[in-house]
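Working notes, beginning with the structure itself.
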Amino acid sequence: MAAERKTKLSKNLLRMKFMQRGLDSETKKQLEEEEKKIISEEHWYLDLPELKEKESVIIEEQSFLLCEDLLYGRMSFRGFNPEVEKLMLQMNAKSKAEEEDEDEVVELDVSDEEMARRYETLVGTIGKKFAKKRDRANYEEDENGDIKPVKAKKMFLKPQD
Amino acid sequence: MAEAVPFGAESLAGGRARAARRVLDQVVLPGEELLLPEQEDVEGPGGAGERPLRLNAGARSRLRVVCGPGLRRCGDRLLVTKCGRLRHKDPGSGSSGGVYWVDSQQKRYVPVKGDHVIGIVTAKSGDIFKVDVGGSEPASLSYLAFEGATKRNRPNVQVGDLIYGQFVVANKDMEPEMVCIDSCGRANGMGVIGHDGLLFKVTLGLIRKLLAPDCEIIQEVGKLYPLEIVFGMNGRIWVKAKTIQQTLILANILEACEHMTADQRKQIFARLAES
């Protein structure tokens, strides 16, 4: 008797995970789409025609800072408040520096070649400081006073029979 | 300032918009529409004459124009909302077409983001201070918005103190919020203004005039005696000098210089320098 009539399972039961493992991918997709449709139909939306936003060339600003270059609001004269006077120089110079283009080329006090030469000898001098007493003997000085590179360390030589 | 500036009455009655370029430094009234330089070629005078030939007739260069205080955007044109003189500033660099604004006079301040103002602390409630800045609502100032302030280390601010700060939030929909710190976390002169001194109110236009880079009044005042001034964009000025008499003289000069001519001002300064 039970085999003649198929028991009608509810929708919720069919939506459960263990019931869906046996389904094909197509039926799965269909079910998903139906679900999405139900959810999106519940959402409210405005039934207006699409308005195209015009590309506006004009920007509205309510601030006077863009219009006029105003000085910094705190001022002190004849040394009444030294901190404020320092601030005045800082803030007013900042606004001027922003206007001017910074095209300065940094002048080098020491040229690159001289720097490389000094650095070469510097490595030797500092290396000497950290070398152990035995290794300090390896640091010989040249005629000019520059330090020569370290010689190879003397390793233990096994005596040959 | 007292000269009569004539303008054609027919342009207002007929509703024909004027070119912004031609109206610079002239008086404009609310309700007028101004054309930007790009549009005035098309809607030229008369209209029946020949159109000027342009090389790139198809592609119109669209420069971004900023409309400042006193102006509003109305389609492709500028609509004047305050009466005053129309000003323009050319941009130094970049692709923007410059700034147009109306130089008007008013006493009532409306909070604007980024403005430095002087406020008076009116209340302390929980973690914020209520500061009166002269607008429609008191601004809120968090106690953490001071340099070097932490939850344990609270700033020493009492009710009735003067604060110099800037707005971070200021629009018509929300309560204005101010801070005494800049975006890097440094005070830069903001915070509680010291004791003594005198706070008084002037018009907003005078503040802008005094803060202009080439203002003679400030230079002359600075030569009189040692003093300190703080200008708030909300029309408030705080001054301090060594004696009360000097402070009062300074306050009177700054209030009166709005309506004095340059000659009268020089006379007064000469008299002061003598005494």
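Labels below follow one simple rule: chain letters A, B, ... track the order of the sequence lines, proteins then strands, and each chain is numbered from 1. For the numbers below, each heavy atom of this structure counts, side chains included, while hydrogens, waters and symmetry mates do not.
Looking only at heavy-atom pairs under 4.5 Å with chain A, the residue among B:G114, B:G194, B:A241, B:G70 that has the most is B:A241. Top candidate by heavy-atom pairs under 4.5 Å with chain A, chosen from B:V221, B:N188, B:V112, is B:N188. Interface remark: of the candidates B:G189, B:A212, B:G68, B:G189 forms the most heavy-atom pairs closer than 4.5 Å to chain A.
Interatomic distance, A:E61 CD to B:L71 CG, rounded to the nearest 0.5 Å: 12.5 Å. Atom CZ of A:R74 is separated from atom CD of B:E228 by 5.5 Å, given to the nearest 0.5 angstrom. Separating the CG atom in B:L250 from the CZ atom in A:F77 is a distance of 9.5 Å, to the nearest 0.5 Å.
The local environment of CD in B:Q245 is sparse, with at most 12 non-hydrogen atoms from other residues, nucleotides or ligands closer than 6.0 Å. For B:K107, the NZ atom sits in a loose shell: 12 or fewer heavy atoms of surrounding residues, nucleotides or ligands are nearer than 6.0 Å. Within 6.0 Å of CE in A:M19 there are more than 12 heavy atoms belonging to other residues, nucleotides or ligands. Atom CZ of B:R72 has 12 or fewer heavy atoms from other residues, nucleotides or ligands within 6.0 Å. Residue-environment remark: CD1 (B:I244) stays at or below the threshold of 12 foreign heavy atoms within 6.0 Å. Heavy-atom contacts from other residues, nucleotides or ligands closer than 6.0 Å to NZ of B:K201 number more than 12. Within a 6.0 Å sphere centred on CD of B:Q106, heavy atoms belonging to other residues, nucleotides or ligands number more than 12.
Closest approach of B:L211 and A:G73 over heavy atoms only: CD2-CA, 4.3 Å. For the pair A:R78 and B:G222, the tightest heavy-atom approach, listed with the atom from each and the gap, is CD-O, 3.5 Å. A:S63 and B:P69 get closest at one heavy-atom pair: O-CD, 3.9 Å. The shortest heavy-atom contact between B:L227 and A:F80 is O-CB, 3.5 Å.
In this structure the side chain of B:F231 never reaches within 4.5 angstrom of the side chain of A:L71, judged on heavy atoms. Using a 4.5 Å heavy-atom cutoff, the side chains of A:L70 and B:M233 are in contact.
Only the backbone of B:K223 comes within contact range of chain A, with heavy atoms under 4.5 Å apart. Only the side chain of A:L87 comes within contact range of chain B, judged by heavy atoms closer than 4.5 Å. At a 4.5 Å heavy-atom cutoff, the contact between A:L66 and chain B is made by backbone and side-chain atoms alike. Contacts between B:I218 and chain A at a heavy-atom distance below 4.5 Å involve backbone atoms as well as side-chain atoms.
Each of B:R87, B:R208, B:K89, B:K209 was compared with A:E68 under the side-chain contact (heavy atoms from CB on, under 4.5 Å) criterion, and only B:R208 meets it.
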Run the side chain to side chain contact (heavy atoms under 4.5 Å, CB included) test on B:L36 and A:I58 for me, step by step, so that the C-alpha distance in whole Å, both residues' side-chain angles and the decisive distance to 0.1 Å come before the verdict.
CA-CA 10 Å; B:L36 291 173; A:I58 307 175; 3.8 Å; yes
